[in-house]
Amino acid sequence: MGAADDLCRFVDASPSPFHAVATAAAALESAGWSRVDERAAWPAPGGRRYVVRGGSLVAWDDTASSAASDAFRIVGAHTDSPTLRLKQHHDRRFEGTDVLALEPYGGPLLTTWLDRDLGVAGRVVLRDGEERLVHVDEPVLRVPNLAIHLDRDAAGAPDRQRHLDAIWAQRGTPFLAWLGEREGFGADDVLGFELMTADVVPSARVGVDGWLVAAPRLDNQATCFAGLQALLDSAAGGRAPVDGQRSVLVLFDHEEVGSSSERGAASDLLLTVLERIVLAAGGDRDDLHRAVAGSVCASGDMAHATHPNHAERHEPLHHVRLGAGPVLKVNQNLRYATDAVGAAVFARACEHAGVPLQRYVHRADLPCGSTIGPISAARTGITTVDFGAPQLAMHSARETMAAADVEHYVRALTAFFALPA
């Protein structure tokens, strides 16, 4: 299960979207990709390159492209996960204890963040414009539960405003001052920050024979890892993409809060990169539209395995098993972007990879979540298929998937990159 162990290392190195991008970028650089500055002139075609915009990344391989109108084969995912983030004014003092004011990002299972060992990660922007990644990989924060003796009713989820602040010190020091002393910058030089809590317990193989992976942020760093590994595997040994085809990996930030940002799936990021690739190859707008018309995007986000303790919450004809392969996700109301054409492409990739394929439909009487798929498809006009790897406890501080499905996931996406248009 080498892929599962590699996933654990990827997740542990990536406690925030910015770290996930840095981890992916380091792997790309080691494999021969070079970074492109969006403000610079676009490089000539025929290379392996990537761009970074905050917590988002787009990487591509057009070494086999021969025409400006050649199609793109795209794997998409998102780097962000539900968590608790620091408020702008976050320091308060209560009964001799330093308390850090936090607010939920996205839709975390709030009770799973209580009584947990938490560190801090993210980025700060300093007065001189430098962006600095920070990662306190130690249990410095604790959001304490309320004893049952004081809440006999056990009313359920904590109040998002009043019950999620963390205790962290007794010294009466502002948090940014403490963080800056540790990380080598002055608190007065911090003009902006995006800081969030992160579980400091390392990812682990659990269950008999380690058949499960227990880790934070599997939704959706498991897909980021699988897509990255598939892109690298597709280029390993000097291999090029399928003749006349370009391979693209796009990792978007902000999916958990709607994708409406300068670097989310609703932005121009992906389409701008695709257009600049076409223009650099000597093409024009017509060539871009021809390329888009022939392209396919595999939008990866984790899928719900059928819960052994809550089977009634799942669609009875579409149970999904841990360890039984990737999951094709279909929703008639387009919460997923999959249509018959995209479904056939992904099913064919799984056949070529020799991995099993499962199909997921949400219960019709429950609201269905969504992904980057419908948003990106509407923004670009590219045929898109939604899929995922099965997991339990989605949006928990710590989630679970089968180790075998990591290998299934990588193999399916590697095959997707290798399929001719």
Side-chain angles (χ1 to χ4, degrees), residues 1-8 10-11 73-77 205 207 209-213 215 218-237 239 241-242 245 247-249 251 296-306 314-315 317-330 336-361 371 373 383-392 394 399-421:
M1 298 293 183
D5 294 328
D6 290 342
L7 169 62
C8 289
F10 181 95
V11 171
R73 188 55 64 105
I74 305 164
V75 169
R205 298 281 294 279
D209 300 323
W211 79 282
L212 295 171
V213 173
L218 291 178
D219 173 25
N220 190 29
Q221 288 188 10
T223 310
C224 295
F225 167 80
L228 173 66
Q229 194 59 54
L231 183 65
L232 297 174
D233 288 350
S234 298
R239 291 199 301 265
V242 175
Q245 197 162 277
S247 298
V248 179
L249 173 69
L251 308 179
V296 180
C297 176
S299 160
D301 208 342
M302 299 299 278
H304 300 293
T306 302
H314 299 266
E315 212 290 321
L317 296 179
H318 294 82
H319 280 196
V320 170
R321 291 192 297 118
L322 292 171
V327 181
L328 185 68
K329 296 157 69 169
V330 178
Y336 305 133
T338 306
D339 65 3
V341 174
V345 171
F346 192 74
R348 192 153 52 99
C350 289
E351 286 181 355
H352 279 248
V355 302
L357 175 65
Q358 307 185 80
R359 294 176 185 252
Y360 178 83
V361 171
T371 71
T383 297
T384 301
V385 54
D386 269 303
F387 66 96
Q391 71 161 91
L392 295 171
M394 188 177 292
E399 301 164 326
T400 304
M401 69 181 296
D405 280 326
V406 184
E407 180 69 27
H408 290 150
Y409 217 14
V410 173
R411 285 168 55 191
L413 293 181
T414 303
F416 173 79
F417 278 133
L419 284 180

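When reading the values below, keep in mind they use all heavy atoms of this one structure, side chains included, and skip hydrogens, waters and symmetry mates.
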Nearest-0.5 Å distance, CZ of residue Arg348 to CG of residue Leu419
5.0 Å

Hey, what do you get for OG1 (Thr306) to OH (Tyr360), rounding to the nearest 0.5 Å?
8.0 Å

What closest approach, in Å, do Gly227 and Phe417 show between heavy atoms, and which atom pair accounts for it?
O-CE1, 4.1 Å

Could you walk me through whether Leu231 and Val75 satisfy the side chain to side chain contact (heavy atoms under 4.5 Å, CB included) test, starting with their C-alpha distance in whole Å, then the side-chain angles of each, then the deciding distance to 0.1 Å, before giving a yes or no?
CA-CA 9 Å; Leu231 183 65; Val75 169; over 6 Å; no

Closest heavy-atom pair, Ala415 versus Ala349, reported as atoms and distance to 0.1 Å, is CB-O, 3.3 Å

Has the side chain of Thr338 got a donor or acceptor atom that lies under 3.5 Å from a matching backbone atom of Val330?
no

Walk me through it: do Phe346 and Leu357 pass the test side chain to side chain contact (heavy atoms under 4.5 Å, CB included)?
CA-CA 9 Å; Phe346 192 74; Leu357 175 65; 3.9 Å; yes

Ignoring hydrogens and angles, tell me if any N or O in the side chain of Asp339 forms a donor-acceptor pair with the backbone of Val341 under 3.5 Å.
yes

Do Arg411 and Glu407 have side-chain heavy atoms sitting under 4.5 Å apart?
yes

Restricting to side chain to side chain donor-acceptor pair (under 3.5 Å), what partner residues turn up for Asp405, sequence neighbours left out?
His408

Just verifying a value: how many Å separate Thr400 OG1 and Leu322 CG, rounded to the nearest 0.5 Å?
8.0 Å

Rounded to the nearest 0.5 Å, how far apart are CG of Leu218 and SG of Cys224?
11.0 Å

Nearest-0.5 Å distance that lies between atom CZ in Phe10 and atom CG in Leu7:
8.5 Å

Compare every heavy atom of Pro326 with every heavy atom of Val355, then report the nearest pair and how far apart it is.
CG2-CD, 4.2 Å

Just by distance, do the side chain of Gln391 and the backbone of Glu399 share a donor-acceptor pair under 3.5 Å?
no

May I ask you to decide if Gly325's main-chain N or O and Gln358's side chain share a donor-acceptor pair within less than 3.5 Å?
yes

Mind running side chain to side chain donor-acceptor pair (under 3.5 Å) on Thr223 and Tyr409 for me, showing each step along the way?
CA-CA 8 Å; Thr223 310; Tyr409 217 14; 2.7 Å; yes

Considering only heavy atoms from C-beta outward, does the side chain of Val296 approach that of Arg73 to under 4.5 Å?
yes

Val327 side chain near Arg359 side chain, heavy-atom distance below 4.5 Å
no

Any idea which heavy atoms bring Ala4 and Ala403 closest together, and the distance?
CB-CB, 3.7 Å

Find the distance between CE (Met302) and CG (Leu392) and round it off to the nearest 0.5 Å.
10.0 Å

Does Gly300 offer a backbone N or O that forms a donor-acceptor pair with the side chain of Asn220 under 3.5 Å?
yes

Name of the residue among Val361, Val320, Asp301, Val385 meeting side-chain contact (heavy atoms from CB on, under 4.5 Å) with Lys329:
Asp301

Of the non-hydrogen atoms in Ala337 and Asp386, which two are nearest, and what is the gap between them?
N-OD2, 2.6 Å

Correct closest heavy-atom pair for Ala343 and Leu328 would be CB-CD2, 3.6 Å

Kindly indicate whether the side chain of Phe225, heavy atoms from C-beta on, has any atom under 4.5 Å from the side chain of Val11.
no

